[in-house]
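Take a look at the structure set out below.
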Amino acid sequence: MGQYVARRLLQAIPLLFLISVISFMLIRLSGDPMSMYGQSSALTAEDRDRIMAQHGWDKPKPIQYLFWLRDLARGDLGSSLYTYQPVTQMIWEKLPNTLILMGTVFVVTIVVSIPLAIVSALRQYSTLDYLITGASFFAFALPTFWLGLVCIMIFSVKFKEWGLPYMPAGGMYDLVEGPSLPGLVKHLVMPALVLSVVSMASYIRYLRASMLEVLRDDYIRTARAKGLPELAVTWRHAFRNALIPLVTLITMNIPLIFSGALITEQVFAWPGMGRLFVDHANRGDYPVLMGLVLTVSVLVIFFNLVADIAYAAIDPRIRFQ
Amino acid sequence: MKTSKHMETVTAGSEANRIDRRELVKVMTALGLAVPAFGAGLAGSGRAALAQDTARGEPGGAVVVGVYQEPNSLNFLLTGGPISFASMQLTPLFEPMIRYNADGVMEPRLLTEIPTVDNGGVSEDGLTYTLTFVPDVTWHDGTPFTANDFRFTWEWIMDPANQAQATAGWAEIESVEVPDDLTAVVTLKGLYLPFVSEALGWNPLLPEHVQSTMSTEEFGRQPVGNGPFRFVEWIPGDHLTFARYEEYFRPEKALLDRLIFKVVPDRNTVIAQAKTGDIQLGIDYTEAQIPEMENVPGVTLIISPSQIYERYHFTMVTREDASVPHPIFGDITVRKALTHAIDRQTIIDQILFGRTEIARNELDNTPYENAGIIPFPFDPEEAKRLLDEAGWAAGADGIREKDGQKFTFTHGTTSGNQTRETIQALVQANLRDVGVEMTIANQPASRFFGGFNDGGGWLDRSLDMVGFTNGLSSSDPNLRPFWHTESIPTTEKPNGFNHSGLSNPDLDQLLDDQLTELDDAARLELLKQAQQIVHDEVPMIPMYDRVTINSVSDRVKGIQMSPFGAITGLVWNIADWSME
């Protein structure tokens, strides 16, 4: 197993290199950082020449990539072309906020969707099953930006108009009152709800399908035939086996907790990683984008490995080759 | 000089200045530039003095301003010039040397008066400026402000290691001498008229004792200013908080206890927050948001004109060689025809809710505009006649042809902008009516506004026509960077802003001369002639004036929109704002 892990980690190096080359070229070709200075006539032509020369933007793009790679080799992700802050610092500033939001969503999703999926599978084709699958199908189809805006319109704007206690429409804290835990919770409810609803939908559908598949297996029939109580059949045999693919799904989704939610963070003004990406993508700020892409790539590769190991740990039938 | 006296000097200084520009103010007032929502006292003359005597509100309270764009830094060296979006935060923190009031009239702030030849502040040859600063100004850490800070700021900006973005104005300085703590004597390398507005107008200064101990970027995260508000905290992506500076050198200290900028990236969420009262000020709405914000109880929508406007630039020369005319738009008759063919008034009425006007000329809505220029009217028959005259005959499929070439061209602007895309569709239909085919080739803004050699569609001449907003983005009417032959971008010299590639020797001469014309009235005359040539050459179709749309809670008092600089124009008197 130690050998297996070492081999996988070694394989990650060329993979990350390829990811970085492709991302750098795509990012550099899709946007030009000079667009940030675009319309300011306060910058003379000489100012622009100087800025381009300072960043090496007057050189061909492959050379610019090598500059970036050289800095990375020194452990330096560079500085934002917009805020001039070190990229690592910017990521560290936003990471806790994203963990608060996405961590909450993750826990809520798992806690709520597992029982719903099991009930739905055990009572297949019942009214309850139709209700749960129907609702999750509907939720799965909802775009988060739309759901977010509708929630803001109802729970913030309309509730205020109707004189009801209303939810804050965005941000993490009440700025006039200052930061507080109740304030944070109040601001967290809507974005977490929107994201949970959508991600629950996919978990429920996934786990329900996997549970149904297991319930049809021979050993379940054997368990029932030998007279085991239904509860034991469900929990000891069906659920534990249905859980195996779910563990993989959960582990592989962990990087999402770090990368944040692109759209929902935007709509709810949540200062997280997703917004960091969107804000800087719009400016061609490639050091920040590369920093984020690289961080998420490392996490994805790592948790893929973890998922494989966990899979083998849960399921004794799987062995490392 | 005592504090009570320098206030008089301040008023006297702006008085003298206003006489020079009285005619301009009249023009602006006549054009309806004064914001009707704040109509009281906008009669024109006597306004600068009035603004200082206006009854002020009660001190206390906090105003939360919703901004969709976070400042990148609070060091003005990194924010891309004095009239950038970050001026919203810089203006409260840093006292500018000169500001523009609600009439668009220059007011000295850190200076005792605006240097002119008449008041002895500028030498007869126009090369030496004597700047006198007001006494008793302190930085927010209590250290006195002196003329040495001015000299230091210039030195710091000009050292490339410090990464200053804009050096306009500052780069013209040959030397700065500081004979005493309140005087700086500036010698220029050569005559350069925009010096006052580019280097002194709106610009803050840096405290030498703080900036010299850290990098430009670090200072921008923990700024020490000398304005009515001091910096408290900045939580990136979330908010910035400023508090009243109690030792502010003017008797009119800021009224608000705190000023908070809340970062709300989604513009729909800004609307929701303005409605719920989470924010008291919503900044820079789009035209499409007008109907939704117009009748919100307790919130006033201020729609005011700006100096920037949406324009469609013709590509007049080829990308490869700027001396070779563009196969279609190299012909002035064709450019005129297309201008006649587009129904701009209908676009304004239907898409922009009738809230703006057809743009007239390059210096629209500024005191420097040539008001005699009349836009080409919508006249499809004239358009057809001109196209016939230019040799573009009607083709079999309704699209005109000349020498076997079809009249079809590409038009690009920023993608994902619904207003722009809707307008493109209307323009497409207008042009189809006169037998011209326009195909749309939009690009994301981060690419469109890129450089000449990096696919920046707005100036690289890969598109036949481009649409974007621009205009007077510094406070000086220097048109040279936009229309001089030397400003045409090329592969070797990519950084010029003559997008169309217009080259006219008479225009070049005027643009050169206005940079060195010491007499205000004579310079204005040169600029007016330059505008006339730009109009006559039709290098672009001025589409419509962009309006600045902000929403203000009725609980906030004391806001007076100034026509100069969309965002700066809102916050110029932020010390006078109060909360009811």
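Sequence lines set the chain letters: A, B, ... in the order given, protein chains first and strands last, and positions in each chain run from 1.
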Requested in this report: Specify which of A:Pro168, A:Ala269, A:Gly272 makes the most heavy-atom pairs with chain B at under 4.5 Å.
Outcome: A:Ala269
Query raised in the report: Between A:Tyr65 and A:Phe24, what is the ring plane arrangement, given parallel below 30°, perpendicular above 60°, and tilted in between?
Result: perpendicular
**Report entry** Distance-only side-chain donor-acceptor flag, A:Glu265 / A:Thr98, under 3.5 Å
**Finding:** yes
Query raised in the report: B:Pro194, B:Gly220, B:Ala164: which one forms the most heavy-atom pairs within less than 4.5 Å of chain A?
Result: B:Ala164
Query raised in the report: Quick one: are B:Trp170 and B:Met158 in side-chain contact, heavy atoms under 4.5 Å?
Result: yes
Query raised in the report: With a 4.5 angstrom heavy-atom cut-off, which part of A:Arg283 approaches chain B: side chain, backbone, both or neither?
Result: both
Query - Carboxylate-amine/guanidinium proximity below 4.0 Å for B:Asp454 and A:Lys61 - result: yes
Query raised in the report: When heavy-atom pairs shorter than 4.5 Å are enumerated against chain A, which of B:Gln273, B:Gln69, B:Lys493, B:Lys275 gives the highest number?
Result: B:Gln273
Query - Contacting region of A:Asn282 [heavy-atom separation from chain B under 4.5 Å] - result: backbone
**Report entry** Heavy atoms from other residues, nucleotides or ligands near CZ of A:Phe138 exceed 12 (cutoff 6.0 Å)
**Finding:** no
Query raised in the report: If every non-hydrogen atom of A:Ser80 is compared with every non-hydrogen atom of A:Val288, which pair is closest and at what distance?
Result: CB-CG2, 3.5 Å
**Report entry** Segment of A:Gln54 engaging chain B (4.5 angstrom heavy-atom cut-off)
**Finding:** side chain
Query - Contacting region of A:Leu276 [heavy-atom separation from chain B under 4.5 Å] - result: neither
**Report entry** Which of B:Ser487, B:Pro71, B:Pro236 touches chain A most, by non-hydrogen pairs under 4.5 Å
**Finding:** B:Pro236
Query raised in the report: Side chain, backbone, both or neither: which part of B:Glu218 has an atom under 4.5 Å from a heavy atom of chain A?
Result: neither
**Report entry** Part of residues 171-179 of chain A lying next to chain B, heavy-atom separation under 4.5 Å
**Finding:** A:Gly171, A:Met172, A:Leu175, A:Val176
Requested in this report: Would you please classify the geometry between the B:Phe449 ring and the B:Phe468 ring as parallel, tilted or perpendicular, with 30° and 60° separating the classes?
Outcome: perpendicular
Query raised in the report: Is chain A contacted by the side chain of B:Arg258, its backbone, both, or neither, given a heavy-atom distance below 4.5 Å?
Result: side chain
Query - Smallest separation among heavy atoms of B:Glu198 and B:Asn478, with atom names - result: OE2-ND2, 4.2 Å
Query - OH (A:Tyr84) with more than 12 external heavy atoms under 6.0 Å - result: yes
**Report entry** Donor-acceptor side-chain pairing of B:Gln289 and B:Arg267 below 3.5 angstrom
**Finding:** no
Report task. Counting only heavy atoms closer than 4.5 Å, note whether A:Met153 contacts chain B via side chain, backbone, both or neither. Result -> neither
Query raised in the report: If we only count heavy atoms from C-beta on, is the B:Leu90 to B:Trp202 side-chain gap below 4.5 Å?
Result: no
Query raised in the report: Measuring heavy-atom distances to chain B, does A:Glu161 have an atom under 4.5 Å in its side chain, in its backbone, in both, or in neither?
Result: neither
Query raised in the report: Contact part of B:Ala272 toward chain A, heavy-atom cut-off under 4.5 Å: side chain, backbone, both or neither?
Result: both
**Report entry** Proximal component of A:Ser30, with respect to chain B [non-hydrogen, under 4.5 Å]
**Finding:** backbone
Query raised in the report: Can you say whether B:Asp278 sits under 4.5 Å from chain A via the side chain, the backbone, both, or neither, judging by heavy atoms?
Result: side chain
Query - Distance-only side-chain donor-acceptor flag, B:Glu233 / B:His239, under 3.5 Å - result: yes
Report task. Against chain A, label B:Val263 side chain, backbone, both or neither, depending on which of its atoms sit under 4.5 Å from a heavy atom there. Result -> both
Requested in this report: Evaluate the ring planes of B:Phe497 and B:Phe482, with Trp represented by its six-membered ring, and classify them as parallel (under 30°), tilted (30 to 60°) or perpendicular (over 60°).
Outcome: tilted
Query raised in the report: Do B:Thr269 and B:Tyr68 have a side chain donor and acceptor closer than 3.5 Å?
Result: no
**Report entry** chain B contact via A:Tyr82 - which portion, at a heavy-atom distance below 4.5 Å
**Finding:** both
Query - Leading residue by heavy atom contact count with chain A [cutoff under 4.5 Å; candidates B:Ser73, B:Pro265, B:Gly237] - result: B:Pro265
Query - Minimum-distance pair of heavy atoms, taken over all atoms of A:Val267 and A:Gly148 - result: CG1-C, 4.2 Å
